[in-house]
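Along the sequence shown, residues are numbered consecutively beginning with 1.
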Amino acid sequence: MRKVSCLMLALLILTGGSTSPSKLQHPPLPREDKSVHTVAIVQTEHPPSKEEVKRQLADFPKLKLRRIFTHALNGYSVEGPLKELEKIQVNKDILSLSPVQMYKTDAAPNMELIGGEVVRGLFDKKGERLSGKGITIGVIDTGIDYEHPDLRRNYAGGHDLVDGDRDPMETKGLHGTGTLHGTHVAGIIAGNGRIRGIAPEAKIVAYRALGPGGMGTTEQVLAAIDQAIQDKVDILNLSLGNEINGPDLPISLALNKAVEQGITAVTSSGNSGPNIWTVGSPGTAAKAISVGASTPPLKIPYLMHSDSQARIRLEMLQGSASWKFDKSIEIVEGGIGRKKDLQKAAGKIALIQRGSLTFTEKVNNAAAAGALGVIIYNNTKGNFLGNLEREVALPAASLPKEEGEKLKKKLKDKALFARFILIEESDQLADFSSRGPVTSTWDIKPDVVAPGVAINSTVPGGYLSLQGTSMASPHVAGAAALIKQAHPDWSPEQIKAALMNTAKPIASQDGMAYRTYEQGAGRIQAEKAVAAETLVLPGSLQFGKFQLADRMHEHFAQIEVQNHGQFPKRYSFQVPKREDGLDWELPLSFELAPGEKRKLKLRMTVDPSAFQKKLHDGYLVLQEGSRAITIPYLYVLEEPDYPRVMGFAFSPGDKPGCFRYEVYLPGGAEEFGIALFDPDDFRFIGFLDWGRNIKKGLLQKDIPASKLPGEGGFIAKVFARKAGVEHDVETFIFIPPPEQ
């Protein structure tokens, strides 16, 4: 095993895990293998014909045409060696060439909270109850189990873009390849049986774009959007995403195109929170409705142990039994949850470290050992929210790494007994919910939030509770269907505005309001959105990014106010809260007749000498009589002050023989690498991983043990280079021997 000197460990501790950068000189990145085959999306100015594509590819015989897109975007996908793809020139006919990205599912009394039950008592213009009747909703996901008794009445056909047929059944497989995500999403939208969805009489068209393991490519998702536009669905839900915070990825552009074609597009914001700048594509699409996750009313367990009266918050693992202990119970250390680690767990609660095994395997092993409950603590900083693969009759919860390690240390000295209390919480923003804003456009995303924690819904063969922004998005898709039924002539922009204008801004447990780029307009209220008589478009405002060197700091935005009621309405803006360096010029009070619309100009004036914030956000409030309509806004002064390398973590993965790292690159990188060095003599060992032209956002990757340099301790220099400037973070990582 590689040794680490006491001097080196002391240096790492004293410097917070950083060493002198002058000693860590990494070589240039390895050369890329240009012969590797890859798939890319070629975007063209006009819809391409097959003949035009053949002409554009005539000089590249090694490239193979895969698909032509005519609805979601203008372009086609092509496959071939990287060196051949790089020869395709961007010109007046070809606008861009983008390698495909991987997309994955975002699995993390909710109906009553958003007003779903109240809506049942409302009627459309035909006298029908609002239930989604007559509305078609496309679900781009892992397919659905259309034989499920709660879904078979709603199923209206579909397409499999993975296997290339018209059978979008969920993947059925073993060892982690089987899926259930799309069925769960469909049940939230339109379950019509034991599970009653938000719009239980809506029709579901399934587009299977994510295959085994819930993974799919840009090409498959694009093909699904293309088909959905051709099928003329009313609403489109995409509970999927990647970690790239950029507005111009093909999927985001395709969703904008779908909205232009009259489809209300709804997508999850991502599960990479709680840091800002983590919202990923397609949640970055400007015209789509991006949805973050909030909590429905939940009873949260808090742990108190015999050595302290402090309350420690636990997060329930979805799919486990309820946490209902009414007496003190001993906690025992359970290693990483292997059977041999749990020999003393009978009648007790097992404290288990995350990693190496799946959550389900750990909990099942604890149940087999006779444990009464399981607490899994994280192996990287902070806490996590997890889902079990199937229901387990044992209560299981998660704990932050720091708290878990404290408990583990105490267990070495003496027996520790814990008692638990349940505290009801509601309308909290889920930690995992991705935050905005969107880089380069500075759009506020998500647009709204909806319940996404502990959501029970359909899965193949039964029912299961899951959590994630994937579960929040279908709440909004279902609500959009109800609005469409009530107002069939409303456009996607008006439906989006109705949801945002009537949303409820939420606050944290200590009463602090979440930022606009964390919650958008707030948590949706379906019954108020359906009944809205005033619409303000757009539902949020961004005043752009401006440099201190700019002499003029007057910035304008325009909104349109629409009266859809039967009587005249009078409107006036509340005076915004006074802030140094910021002044507003807002319209005076005005009146609109029934059916009348009016465009209004708003002016913001900034004094750079007094205005010090890089990101400034808040709400403008338009009064319609006694009703307040909140309009979130965002202003960015200069380049936001964020490091270019953030949040690096390295730990064992959830499967044996696998390690995982994650790092956040807010501005992307022309060159990225994780260079490993000997801690004794700073000798370069090799690259743990590396890449070129990495997109901005969260980068996560599993590294098999076979590609690691061996067991022991190493200094890791994590660096990102862009425009000739390199930013880096230095830290210490430890690779344990296989038996650990």
Side-chain angles (χ1 to χ4, degrees), residues 39 41-53 65-78 95 98 100 103 132 134-144 146 154-169 182 185-186 189-190 199 202-211 216-240 249-267 281-282 285 287-289 473-474 477 480-481 484 488-493 495:
V39 178
I41 305 298
V42 178
Q43 294 187 57
T44 58
E45 184 174 4
H46 305 289
S49 65
K50 197 166 186 177
E51 291 70 25
E52 287 176 305
V53 174
L65 174 65
R66 291 170 60 91
R67 298 179 189 265
I68 293 178
F69 306 108
T70 56
H71 301 284
L73 54 72
N74 298 328
Y76 53 91
S77 59
V78 63
L95 300 179
S98 307
V100 298
Y103 288 80
I135 306 301
T136 301
I137 303 174
V139 176
I140 297 179
D141 214 292
T142 58
I144 69 169
Y146 46 76
N154 305 80
Y155 177 64
H159 302 266
D160 187 332
L161 290 312
V162 178
D163 295 333
D165 55 42
R166 296 181 67 91
D167 182 10
M169 176 61 80
V185 166
I189 295 174
K203 293 298 183 183
I204 294 290
V205 178
Y207 301 91
R208 182 173 176 260
L210 308 180
T217 66
T218 302
E219 181 186 34
Q220 291 162 347
V221 179
L222 268 180
I225 298 173
D226 207 58
Q227 185 63 54
I229 295 173
Q230 187 175 333
D231 293 342
K232 297 182 179 180
V233 300
D234 298 301
I235 316 291
L236 190 58
N237 185 86
L238 294 90
S239 289
L240 52 84
L249 267 69
I251 300 301
S252 295
L253 297 177
L255 277 193
N256 289 337
K257 189 73 172 290
V259 173
E260 292 167 6
Q261 298 295 313
I263 296 173
T264 300
V266 185
T267 179
S281 175
K287 297 181 181 181
I289 304 173
S473 180
K484 185 69 175 176
D489 57 337
W490 279 11
S491 67
E493 293 82 5
I495 292 173

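Gly158 and Pro168 make their closest contact through CA-CG, 4.0 Å (heavy atoms, listed as atom of the first residue, atom of the second, distance). Taking every heavy atom of both residues into account, Ser281 and Ser252 meet most closely at OG-OG, 2.9 Å. Heavy atoms only, all atoms of each residue included: Ala477 and Ile189 are closest at CB-CD1, 4.2 Å. Between Asn74 and Glu45 the shortest heavy-atom distance is ND2-O, 3.3 Å. Considering every non-hydrogen atom in both Ile144 and Ala206, the closest pair reads CG1-CB, 3.9 Å. Residues Glu52 and Pro47 come closest through the heavy atom pair OE1-O, 3.7 Å.
Checking side-chain atoms of Asn154 against main-chain N and O of Ala202 turns up a donor-acceptor pair under 3.5 Å. Checking side-chain atoms of Lys484 against main-chain N and O of Ile135 turns up no donor-acceptor pair under 3.5 Å. Remark: side-chain polar atoms of Gln220 are paired, donor with acceptor, to backbone N or O of Thr217 under 3.5 angstrom.
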So Ser473 and Asn237, side-chain hydrogen bond (donor to acceptor under 3.5 Å, both in side chains) or not? Walk me through it. CA-CA 7 Å; Ser473 180; Asn237 185 86; 2.7 Å; yes
Between Ile140 and Leu236, is a side-chain contact (heavy atoms from CB on, under 4.5 Å) present by the stated rule, with each step listed? CA-CA 7 Å; Ile140 297 179; Leu236 190 58; 3.8 Å; yes
Can you list the steps and then say if Ile229 with Ile263 is a side-chain contact (heavy atoms from CB on, under 4.5 Å)? CA-CA 8 Å; Ile229 295 173; Ile263 296 173; 4.0 Å; yes
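Side-chain contact between Lys50 and Ile68 is present, with at least one heavy-atom pair separated by less than 4.5 Å. Between Val139 and Val205 the shortest side-chain heavy-atom distance does not fall below 4.5 Å. Between Leu65 and Val78, every side-chain heavy-atom pair lies at or beyond the 4.5 Å cut-off. In this structure the side chain of Thr136 never reaches within 4.5 angstrom of the side chain of Ile235, judged on heavy atoms. A heavy-atom distance below 4.5 Å is not found between the side chains of His71 and Gln261. Using a 4.5 Å heavy-atom cutoff, the side chains of Pro282 and Leu240 are in contact. A 4.5 Å side-chain heavy-atom check between Ile137 and Val233 finds every atom pair outside the cut-off. In this structure the side chain of Tyr146 reaches within 4.5 angstrom of the side chain of Met169, judged on heavy atoms.
With Arg208 as the fixed residue, the side-chain hydrogen bond (donor to acceptor under 3.5 Å, both in side chains) test singles out one of Asp141, Thr142, Asp163: Asp163. Partner of His159 under the side-chain hydrogen bond (donor to acceptor under 3.5 Å, both in side chains) criterion, chosen from Asp167, Asp231, Asp165: Asp231.
Taken from CG in Leu161 to OH in Tyr207, the straight-line distance is 9.0 Å, to the nearest 0.5 Å. With values rounded to the nearest 0.5 angstrom, Gln43 atom CD is found 10.0 Å from Phe69 atom CZ. Separating the OG1 atom in Thr218 from the CD1 atom in Ile41 is a distance of 6.0 Å, to the nearest 0.5 Å. The distance from atom NZ of Lys257 to atom CD1 of Ile225, rounded to the nearest 0.5 Å, is 11.5 Å. Here the CD1 atom belonging to Ile289 is positioned 11.0 Å from the CG atom belonging to Leu255, to the nearest 0.5 angstrom. Here the CD1-OH distance, from Ile204 to Tyr155, works out to 11.0 Å after rounding to the nearest 0.5 Å.
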